[in-house]
Every structure is written in C-alpha cells, then in structure tokens.
Number of protein chains: 2
Amino acid sequence: MLPKNTKTLVESVKEKGPNLDIYRRLFDSILEQRLAPNTKLNEQDLAQVFGVSRTLIRQSLQRLAAEQVVVMHKNRGAYVAAPDVVLAKQILDARELIELAVVELACGALGETEIEALRMMVALEEQAFAHGDMGTALRRSGEFHVRLAQAAGNQPYVNMLRGLISQTSLIIAMYGQGEIQCARDEHNDLIKALIAGDKTVCAKLMRHHLGHLRTSCDFNRRVKSGSLAMVLS
Amino acid sequence: MLPKNTKTLVESVKEKGPNLDIYRRLFDSILEQRLAPNTKLNEQDLAQVFGVSRTLIRQSLQRLAAEQVVVMHKNRGAYVAAPDVVLAKQILDARELIELAVVELACGALGETEIEALRMMVALEEQAFAHGDMGTALRRSGEFHVRLAQAAGNQPYVNMLRGLISQTSLIIAMYGQGEIQCARDEHNDLIKALIAGDKTVCAKLMRHHLGHLRTSCDFNRRVKSGSLAMVLS
DNA sequence: TCAGATAAAATTGTATACAATAATGTTTTT
DNA sequence: AAAAACATTATTGTATACAATTTTATCTGA
C-alpha cells in the first residue's frame with residue numbers, strides 16, 4: 001500500500017482564501033508543507049477544488065515543474081518534487097553561493113525602506129511561529145531571504161534564489177529533523193550586521209545561518225512519507 | 001511605423017527540421033537570433049507554422065516566459081524578451097558568479113568522457129563559425145558553457161546557467177558590437193586549464209572570457225531593432 | 001491460488017469552441 | 001479635416017470535447 005499523506009489533496013489546498021491565484025496557492029501549499037514530497041497532484045481533483053477547468057491547473061503545474069517544485073511524468077501526471085540526497089546537497093550549495101553574493105551586495109547598502117520591509121518579514125515569521133503555524137513560518141522564512149535578494153538589487157539572484165528556497169522547503173520536509181525555527185533570531189542578527197556594513201561579518205552570519213539548515217537535516221535517514229510511491233511506481 | 005524584423009516569424013522558425021519539439025525550436029530560434037528581441041509571437045501564426053493547436057504553442061510560450069526568454073503581457077500576447085541595460089548588467093554579473101563556481105568545481109575534476117564532450121562542443125561551434133552560421137555558433141557557444149556546468153556536477157548550477165545564457169543571447173542581440181566569436185579559442189584554453197587543474201588560472205580565464213562579453217557590448221547605444229515597439233505599445 | 005490476458009475506468013494529452021479583451025477600421029459629429 | 005463614438009476584426013483567455021495512454025478491475029486457464 002502506498003503511503004498516504006496526513007491531509008487529503010483537497011484539505012491541503014483549500015485552507016487558504018479563494019482570491020489568490022491557483023499557481024500561488026499550490027506553491028504556498030507546497031512551501032508550507034501541506035503537500036508532502038511525492039504527493040500526486042491530480043488535475044481533475046485540483047480543478048474541482050479551485051472551481052476552474054483543467055486548463056488553468058495544467059498551466060500552474062507546468063510552471064511549478066519549470067521551477068523544479070513539481071515533477072511531471074509524461075502520461076502519468078504531476079507529483080510534488082522529492083529531491084534525493086545528492087540533489088539536496090547541490091541545492092544547499094547553490095543557495096550558499098547565491099546568498100553570499102546577496103549579502104555582499106546588500107551589506108551596508110540597505111535603504112530605510114528595505115530595512116523596514118525586512119523587519120516586517122521577520123515579525124510576520126515570528127508571529128506565525130508564535131501561533132504554532134509552522135508551515136507559514138517556514139514559508140515566511142523563505143520570503144525573508146527572497147526579500148533580501150530583492151534589496152540587493154539583482155533580479156536574476158532573486159529569481160534563482162526563489163527556486164532554490166522552494167526546493168529547500170522540500171528538503172526540510174524530507175530530511176528535516178529538529179526545530180529549524182530555533183534559528184529564526186538569526187534573521188534579525190543578519191539585518192543588524194547588514195546595516196553595520198561589515199562584509200566579513202555578514203558573510204559569516206549567512207554561512208552560519210545556512211549551516212544550521214544543513215545540520216538540521218539527516219541525509220542518512222531513509223526518506224519519509226511518500227518516498228515509496230516513487231520507487232514502486 | 002513599428003520596426004520590422006529582417007525575417008518573418010514563419011521564416012525565423014521554420015528553417016529547422018520538423019522533429020524537434022516546439023519549445024526547443026522556439027528556444028533555439030531565439031538563441032540563434034533569428035527571432036529578435038521584442039518580436040511579437042503570435043499564437044495563431046505559430047500554431048499554423050508548427051502544424052499544431054494553440055494549446056501546445058501556449059505551453060511553450062509559458063515555459064519560455066518562466067525562463068525570462070519571453071515576456072507575456074496579459075491579454076496582449078508574448079514577445080521575445082528585451083532586457084534593459086540595468087538587467088543586462090545584472091545578468092552578466094550573475095553569470096560570472098555561477099560560472100566561477102562551476103570552474104571551481106570542474107577544475108582538475110573532469111573525466112575523459114566530459115573532456116571529450118567539451119572538445120566536441122568546441123569543434124561544433126567552430127564548424128558553425130567556419131560555415132558562416134553565426135546564429136548556430138552563438139547557440140553552441142552557450143551550450144559549451146552549459147556542458148561545462150553539467151561536468152561540474154551541480155544540477156542547480158546547470159539550470160540557472162541555462163537561463164542566464166539564454167538571456168545573454170538576447171543581450172548580445174541588443175547591445176552586441178564587434179565579433180564576439182573572436183573569443184572562441186578561449187573555450188579551448190579553458191579546457192586545457194581545467195585539465196591542468198590550477199584553480200586560480202581557471203578562474204582568471206573564465207573572468208577574462210566573460211569580460212570579453214561585457215566589452216563587446218555597448219550599453220550606451222540606443223537599443224536596436226524592435227525597441228520602439230515596446231516604447232510605443 | 002496465482003499469473004497472464006482482457007476489458008473497463010480513470011487520467012493525461014491535444015484540439016476545438018466559446019468568452020473576454022484589445023486592436024483596428026468606419027462612421028458620425030463638430 | 002480632426003476627434004470621438006461606435007462597430008468590426010483580431011487576439012488572447014478559459015472551458016469543453018475528444019484522443020491516447022495508463023491504471024485498475026475482471027476474467028480466464030493452468
């Protein structure tokens with residue numbers, strides 16, 4: 001028997017307001033880990049949930065597939081991506097490369113507006129955490145990093161990082177162990193350092209921050225929910 | 001009157017064999033500069049050219065849009081992307097970041113198979129150049145870099161670089177001046193250095209190589225064909 | 001009972017039809 | 001003749017219909 005997820009596909013996706021567009025809701029559902037890796041994304045079901053035709057569902061799935069958040073098997077449908085150990089490490093390496101470049105650019109170069117926006121992101125993240133909504137907290141943690149890349153002012157960095165962060169959520173879902181959220185104060189520390197403007201310190205903080213991510217993963221552990229689905233299918 | 005391209009949409013896309021899939025043929029057409037920046041990509045026309053329904057055309061256009069090779073304006077259709085000066089510089093910066101990481105990984109770590117593949121790519125590029133087919137030469141030059149990233153063994157690097165290289169083709173189409181192809185021997189030099197295994201030398205060569213790209217562009221020059229189309233529309 | 005073959009159902013892939021919006025052309029008015 | 005208003009056409013956005021493929025269920029024969 002294939003492992004089933006704690007929530008049904010419908011439950012996982014429906015919990016948000018109806019006004020966000022379909023891509024975004026699917027994207028967020030995955031980032032918030034309401035849709036586990038390897039979950040099959042049935043087009044008809046999703047169409048019914050969102051109250052639209054399969055056309056729009058397919059568009060969203062294809063976009064998610066382009067971002068490596070979803071994988072599409074020809075004639076066999078779309079599944080939430082499930083990066084293996086090798087890929088997971090490559091993703092974290094790539095993230096470090098981009099994020100170090102981001103802090104290099106942003107260090108000492110943040111305007112008041114950007115600083116305020118970053119602080120707001122942290123506040124929202126902590127709020128979600130306080131409410132026990134770990135999924136939202138995780139997603140907002142990612143959004144902080146994206147916001148930082150935007151502040152750095154290099155659009156390709158933003159685009160690339162967005163994809164890498166999405167995949168990081170999948171990695172955490174698959175290999176994550178302890179509470180990643182213990183590292184949430186590090187975002188505030190990072191902001192302080194960026195304002196102070198010492199590039200060496202900023203780089204060190206970012207490396208340290210991402211290092212926590214790595215150490216919070218157990219790549220030896222057999223992948224959890226849904227992994228068999230892929231092996232058996 | 002809007003500027004028109006030297007070739008019609010049909011001519012630009014039809015010149016290749018019929019067996020490649022639609023996305024690939026559009027992608028290559030843009031990379032080979034048969035489709036200039038700002039060219040409108042009419043869905044019905046493309047559907048007729050490729051002998052398929054608009055459904056498949058739209059899929060390809062949306063994928064290209066996700067890669068920033070095409071931009072889609074709501075209710076107004078798809079256009080070949082035309083990065084402005086600011087974005088162009090950001091793209092080249094991002095490329096340097098990724099490609100330096102790639103050579104760092106690949107330096108001294110290339111297997112015989114990969115070396116042979118890289119040499120083959122250079123040979124194909126030179127062949128196209130010798131035949132005066134600059135479009136194909138330019139595309140293959142890009143493929144060399146992608147191949148190198150593959151050899152480095154980090155999949156996210158490959159994905160990110162693929163997008164950046166595509167956009168580089170657009171940048172060259174818009175701002176390119178002299179013969180970029182004079183730098184084609186540098187690919188062979190790079191291979192030699194990668195085999196030799198000196199990371200400092202490899203990094204310097206790559207920086208130099210990408211530097212040529214920058215200097216071959218005149219970012220002050222008013223953007224050429226098709227730029228008015230965007231301003232006026 | 002179980003393996004294999006066959007039939008039914010479900011799912012994805014593609015084309016077509018219709019709706020909504022934008023672009024174009026024509027008429028009307030001043 | 002110029003500008004505005006309207007009608008027409010073309011183009012994109014979405015839903016539906018059909019085809020191809022896979023998955024599941026049923027049947028058959030050792």
Side-chain angles (χ1 to χ4, degrees), chain A residues 1-5 8-10 12-13 18-26 35 38-66 69-82 226 228-233, chain B residues 1-5 8-10 12-13 18-26 35 38-66 69-82 226 228-233:
Chain A
M1 185 180 60
L2 298 181
K4 66 172 170 53
N5 302 297
T8 70
L9 183 57
V10 174
S12 305
V13 157
N19 290 345
L20 293 171
D21 87 317
I22 294 159
Y23 160 79
R24 189 80 216 174
R25 281 167 71 184
L26 277 173
L35 288 173
N38 282 315
T39 303
K40 163 114 199 217
L41 301 171
N42 183 291
E43 296 182 0
Q44 185 121 314
D45 293 353
L46 288 172
Q48 221 162 323
V49 170
F50 288 112
V52 296
S53 76
R54 275 177 53 221
T55 306
L56 298 188
I57 300 299
R58 276 179 80 79
Q59 281 183 16
S60 296
L61 292 177
Q62 281 162 351
R63 180 168 170 194
L64 290 166
V69 175
V70 154
V71 292
M72 297 189 78
H73 304 278
K74 187 177 168 77
N75 282 321
R76 305 179 106 200
Y79 295 80
V80 178
L228 271 180
M230 184 162 254
V231 176
L232 297 179
S233 67
Chain B
M1 185 179 61
L2 298 181
K4 66 172 171 52
N5 301 298
T8 71
L9 184 56
V10 174
S12 304
V13 156
N19 289 345
L20 293 171
D21 87 317
I22 293 159
Y23 160 78
R24 189 80 216 174
R25 281 168 70 184
L26 278 173
L35 288 173
N38 283 316
T39 302
K40 162 115 198 212
L41 301 171
N42 182 291
E43 295 181 1
Q44 185 122 313
D45 293 353
L46 288 172
Q48 221 162 323
V49 170
F50 287 112
V52 297
S53 75
R54 274 177 54 221
T55 306
L56 299 188
I57 300 298
R58 275 179 81 79
Q59 281 183 16
S60 296
L61 291 177
Q62 280 162 351
R63 180 167 170 195
L64 290 165
V69 174
V70 155
V71 292
M72 297 188 79
H73 303 279
K74 187 176 170 77
N75 282 320
R76 306 181 85 189
Y79 295 80
V80 178
L228 271 180
M230 184 163 253
V231 175
L232 297 179
S233 66

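We name chains A, B, ... by the order of the sequence lines, and we start the count at 1 in each one.
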Visitor: Apply side-chain contact (heavy atoms from CB on, under 4.5 Å) to Arg63(A) and list each qualifying residue two or more places apart in sequence or on a separate chain.
Guide: Tyr23(A), Glu67(A), Arg162(A)
Visitor: Working to the nearest 0.5 angstrom, can you tell me the gap between Ser53(B) OG and Gln48(B) CD?
Guide: 12.5 Å
Visitor: Determine which bases of DNA chain D form Watson-Crick or G-U wobble pairs with both distances under 3.5 Å, and write the result as a 5' to 3' dot-bracket string with | for other-strand partners.
Guide: ||||||||||||||||||||||||||||||
Visitor: Check each residue of residues 50-58 of chain A for a non-hydrogen atom within less than 4.0 Å of any atom in DNA chain D, then write out the ones that pass by number, or none.
Guide: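 Listed by number, they are Val52(A), Ser53(A), Thr55(A), Leu56(A).
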Visitor: Measure from CG on Asn42(B) to C1' on dG13(D) and round the result to the nearest Å.
Guide: 14 Å
Visitor: Output all residues satisfying ring-ring contact (aromatic ring centres under 6.0 Å, His included) with Phe50(B), sequence neighbours left out; order by chain, then residue number.
Guide: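 Residues passing ring-ring contact (aromatic ring centres under 6.0 Å, His included) with Phe50(B): none at all.
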Visitor: Atom CD of Gln48(A) to atom C1' of dA15(D): distance rounded to whole Å?
Guide: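 It works out to 15 Å between those atoms.
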Visitor: Stepwise, does the side chain to side chain contact (heavy atoms under 4.5 Å, CB included) test hold for Leu46(A) with Leu26(A)?
Guide: CA-CA 9 Å; Leu46(A) 288 172; Leu26(A) 277 173; 4.1 Å; yes
Visitor: Nearest 0.5 Å please: distance from the CD atom of Gln62(B) over to the CD atom of Gln62(A).
Guide: 7.0 Å
Visitor: Would you tabulate the nitrogen or oxygen pairs shorter than 3.5 Å linking the protein to nucleotides 22-24 of chain C?
Guide:
unit_1: dA23(C); atom_1: OP1; unit_2: Arg76(B); atom_2: NE; d: 2.9
unit_1: dA23(C); atom_1: OP1; unit_2: Arg76(B); atom_2: NH2; d: 2.9

Visitor: For the atom pair OG1 (Thr55(A)) and CD (Glu43(A)), what is the distance rounded to the nearest 0.5 Å?
Guide: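 If I round to the nearest 0.5 Å, the distance is 9.5 Å.
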Visitor: What is the distance from CD1 of Ile22(A) to C1' of dG13(D), rounded to the nearest Å?
Guide: 12 Å
Visitor: By side-chain contact (heavy atoms from CB on, under 4.5 Å), which residues pair with Asn75(B), not counting sequence neighbours?
Guide: none
Visitor: Would you give the length of the straight line joining atom CZ of Arg58(A) to atom CE of Met72(A), rounded to the nearest 0.5 angstrom?
Guide: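 Arg58(A) CZ to Met72(A) CE: 5.5 Å, rounded to 0.5 Å.
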Visitor: Rounding to an integer number of Å, can you tell me how far Gln59(A) CD sits from dT12(D) P?
Guide: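 To the nearest whole Å, that distance equals 14 Å.
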Visitor: From Ile22(B) CD1 over to Leu61(B) CG, what is the distance, rounded to the nearest 0.5 angstrom?
Guide: 10.0 Å
Visitor: dT16(C) P sits how many Å from Gln44(B) CD, rounded?
Guide: 11 Å
Visitor: For the residue pair Leu35(B) and Leu41(B), establish whether any side-chain heavy-atom pair is separated by less than 4.5 Å.
Guide: yes
Visitor: To the closest 0.5 Å, what do you measure between CD1 (Ile57(A)) and CG (Asp45(A))?
Guide: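 These two atoms lie 10.0 Å from each other.
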Visitor: What is the separation between atom CD on Glu43(A) and atom P on dT16(D), rounded to the nearest whole Å?
Guide: 15 Å
Visitor: Round to a whole Å and report the spacing from NZ of Lys40(A) to C1' of dT11(C).
Guide: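 Atom NZ in Lys40(A) sits about 6 Å away from atom C1' in dT11(C).
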